[in-house]
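One structure below.
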Amino acid sequence: MSASSTPGRLTVITGPSGVGKGTLVARLLQRHPRIWLSVSATTRAPRSGEQEGRSYFFLSRDVFEAQVAAGGLLEWAEFAGNFYGTPRSPVEQHLAQGQPVLLEIELEGARQVRRSFPAAYQVFIEPPSFEELQRRIRGRGTDSEEAIVRRLERARVELQAAPEFDARLVNGDLDEALGRLELLMGFA
Ligand code: ADP
Ligand code: 5GP
């Protein structure tokens, strides 16, 4: 078990789309409000209920590319036809203030962070089975069939990367997974 809750610790949560990362992170933040969750930039269109600056910063491709060129993103990747990236300076500011910082990002971004922040603690969330992952991503009801197919294809590749991570966590029962995540992060 890791003593990873030292102030200013950077934790990265990754896993295939639909595995429950957002659900787990929202519950974790409710229970531990001092964790600061990075708000990513994306070129994806907002889903119903998503708010600018809270869910994401929703950018055009041109603006996103300008941010990349200016070095404003800590990491970025293309996922299922859209760009996603982590604004650099808020992460650095919160770490400098000694706050625990959380990134919820896909695999390629996690690999970039592994290179730039080798001390970051990286957790990979796994589904109990691929069938359950399909059920969840369809059950969420937020994506078109085309987007679901792309995400499931990508999920098969991402799942093979689980052994690269500091910790692997199966999100079967939500409460149990949350408890294990808290333990891994040193918050329990
Ligand atoms: P991600 O952020 O990884 O794409 P979400 O958090 O949006 O995934 O979860 C995808 C769907 O699965 C949502 O409908 C969510 O309510 C559901 N879900 C999340 N965790 C669990 C769980 N442990 N058991 C059953 N359903 C879950
Ligand atoms: P969604 O479109 O479902 O919100 O997110 C799709 C994928 O992009 C998820 O796996 C999510 O973790 C990932 N993601 C969200 N923000 C970022 C980011 O800033 N960088 C990277 N690399 N991936 C991100």
Side-chain angles (χ1 to χ4, degrees), residues 10-30 36-59 64 67-68 72-91 101-117 120 122-144 146-159 161-162 165 168-181:
L10 179 61
T11 302
V12 177
I13 290 188
T14 307
S17 180
V19 75
K21 300 181 299 297
T23 306
L24 271 169
V25 165
R27 295 275 297 270
L28 186 72
L29 295 179
Q30 270 170 12
W36 182 77
L37 175 67
S38 165
V39 178
S40 297
T42 185
T43 61
R44 162 166 87 56
R47 293 174 180 145
S48 140
E50 285 185 332
Q51 289 173 13
E52 167 68 23
R54 288 177 68 92
S55 318
Y56 281 104
F57 298 104
F58 294 99
L59 306 182
F64 190 100
Q67 291 213 357
V68 171
L73 300 180
L74 188 66
E75 59 73 35
W76 68 276
E78 186 167 0
F79 178 90
N82 292 297
F83 293 147
Y84 295 81
T86 304
R88 181 188 299 280
S89 59
V91 170
V101 170
L102 190 59
L103 307 186
E104 190 250 281
I105 60 178
E106 56 67 66
L107 177 63
E108 291 306 325
R111 285 175 169 155
Q112 291 170 43
V113 174
R114 199 177 295 147
R115 290 193 289 273
S116 51
F117 281 85
Q122 298 223 348
V123 182
F124 190 89
I125 314 291
E126 296 178 280
S129 66
F130 199 80
E131 290 65 35
E132 174 62 13
L133 182 68
Q134 293 200 38
R135 267 194 293 278
R136 286 186 192 172
I137 202 167
R138 289 183 193 286
R140 185 168 64 185
T142 50
D143 300 287
S144 66
E146 189 208 344
I148 289 172
V149 168
R150 292 173 88 163
R151 282 162 186 258
L152 289 171
E153 278 170 8
R154 180 70 193 149
R156 288 200 188 275
V157 176
E158 292 197 332
L159 286 169
F165 283 76
R168 300 164 65 159
L169 177 60
V170 176
N171 181 20
D173 177 78
L174 184 61
D175 288 330
E176 198 182 313
L178 181 64
R180 287 189 49 218
L181 182 60

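Position 1 is the first residue of the sequence, and the numbers go up from there. Here the structure is a predicted model, which is why all the values come from computation and not from measurement. Atoms within a ligand are numbered from 1 in the order they appear, just like the ligands themselves. Atoms considered below: every heavy atom in the structure, side chains included; atoms not considered: hydrogens, waters and symmetry mates.
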Task: Min N/O separation S40 to ligand 2 under 3.5 Å - done: yes
Open item on the list: Looking only at protein heavy atoms, which one is nearest to atom 23 (N) of ligand 2, and what is the separation?
Closed with: E106 N, 3.0 Å
TODO: Number the atoms of ligand 2 from 1 as they appear, then name those within less than 4.0 Å of a heavy atom of R44, with their elements.
DONE: 1 (P), 2 (O), 4 (O)
- [ ] Nearest heavy atom to atom 12 (O) of ligand 2 wins, so pick from E78, E104, R47.
- [x] E104
TODO: Ignoring angles and geometry beyond distance, decide whether F79 reaches within less than 3.5 Å of ligand 2 through its nitrogen or oxygen atoms.
DONE: no
Task: Carboxylate-amine/guanidinium proximity below 4.0 Å for R44 and E50 - done: yes
Open item on the list: Closer than 4.0 Å to some heavy atom of P16 - which atoms of ligand 1 meet that?
Closed with: 3 (O)
- [ ] Please confirm whether A26 comes under 4.0 Å of ligand 1, counting heavy atoms of the residue only.
- [x] no
Task: Distance-minimising heavy-atom pair for A177 and V170 - done: CB-O, 3.9 Å
TODO: Would you kindly check if the NZ (Lys) or CZ (Arg) of R47 is within the cone defined by 45 degrees around the ring axis of Y56 and under 6.0 Å from the six-membered ring centre?
DONE: no
Task: R140-ligand 1 polar pair, N/O distance under 3.5 Å - done: yes
Task: Lys/Arg N to Asp/Glu carboxylate O, R135 vs E131, below 4.0 Å - done: no
Open item on the list: For ligand 1 and N171, I'd like to know whether there is a polar contact (N/O to N/O, distance under 3.5 Å).
Closed with: yes
Open item on the list: Working note: T86 + E75, criterion side-chain contact (heavy atoms from CB on, under 4.5 Å); need CA distance, chi angles, decisive distance, verdict.
Closed with: CA-CA 6 Å; T86 304; E75 59 73 35; 2.5 Å; yes
Task: Pair R154 + E158: basic N to acidic O under 4.0 Å - done: yes
TODO: Give the single entry among G20, G172, A177 that approaches atom 23 (N) of ligand 1 most closely by any heavy atom.
DONE: G172
- [ ] Check each heavy atom of Y84 against ligand 2 and say whether those closer than 4.0 Å belong to the side chain, the backbone, both or neither.
- [x] both
Open item on the list: Would you say the ring centers of W76 and Y84 fall short of 6.0 Å from each other?
Closed with: no
Open item on the list: Tell me the protein heavy atom at minimum distance from atom 18 (N) of ligand 1, and give that distance in Å.
Closed with: R136 CD, 4.0 Å
Open item on the list: Heavy-atom pairs closer than 4.0 Å: do any link ligand 2 to the side chain of E50, the backbone, both, or neither?
Closed with: neither
TODO: Say whether G18 and ligand 1 are in contact under the criterion: heavy-atom distance to a ligand atom below 4.0 Å.
DONE: yes
Open item on the list: For ligand 2 and W76, I'd like to know whether there is a polar contact (N/O to N/O, distance under 3.5 Å).
Closed with: no
TODO: Check each of K21, E75, Q112, R151 against atom 3 (O) of ligand 2 and report the one with the nearest heavy atom.
DONE: R151
Open item on the list: Using a plain distance cutoff, I'd like to know if R140 has any nitrogen or oxygen under 3.5 Å from a nitrogen or oxygen of ligand 2.
Closed with: no
Open item on the list: Students should be able to answer this: which protein heavy-atom is nearest to atom 1 (P) of ligand 2, and at what distance?
Closed with: Y56 OH, 3.5 Å
TODO: Using a strict cut-off of 4.0 Å, indicate which atoms of ligand 2 neighbour a heavy atom of G109.
DONE: 22 (N)
Task: Protein contact of atom 6 (O) of ligand 1 - nearest heavy atom, named by residue and atom, plus distance - done: T23 OG1, 2.6 Å
Open item on the list: Closer than 4.0 angstrom, basic N to acidic O: yes or no for D175 and R27?
Closed with: yes
TODO: Starting from atom 2 (O) of ligand 1, find the nearest protein heavy-atom neighbour and note its residue, name and distance.
DONE: G22 N, 2.8 Å
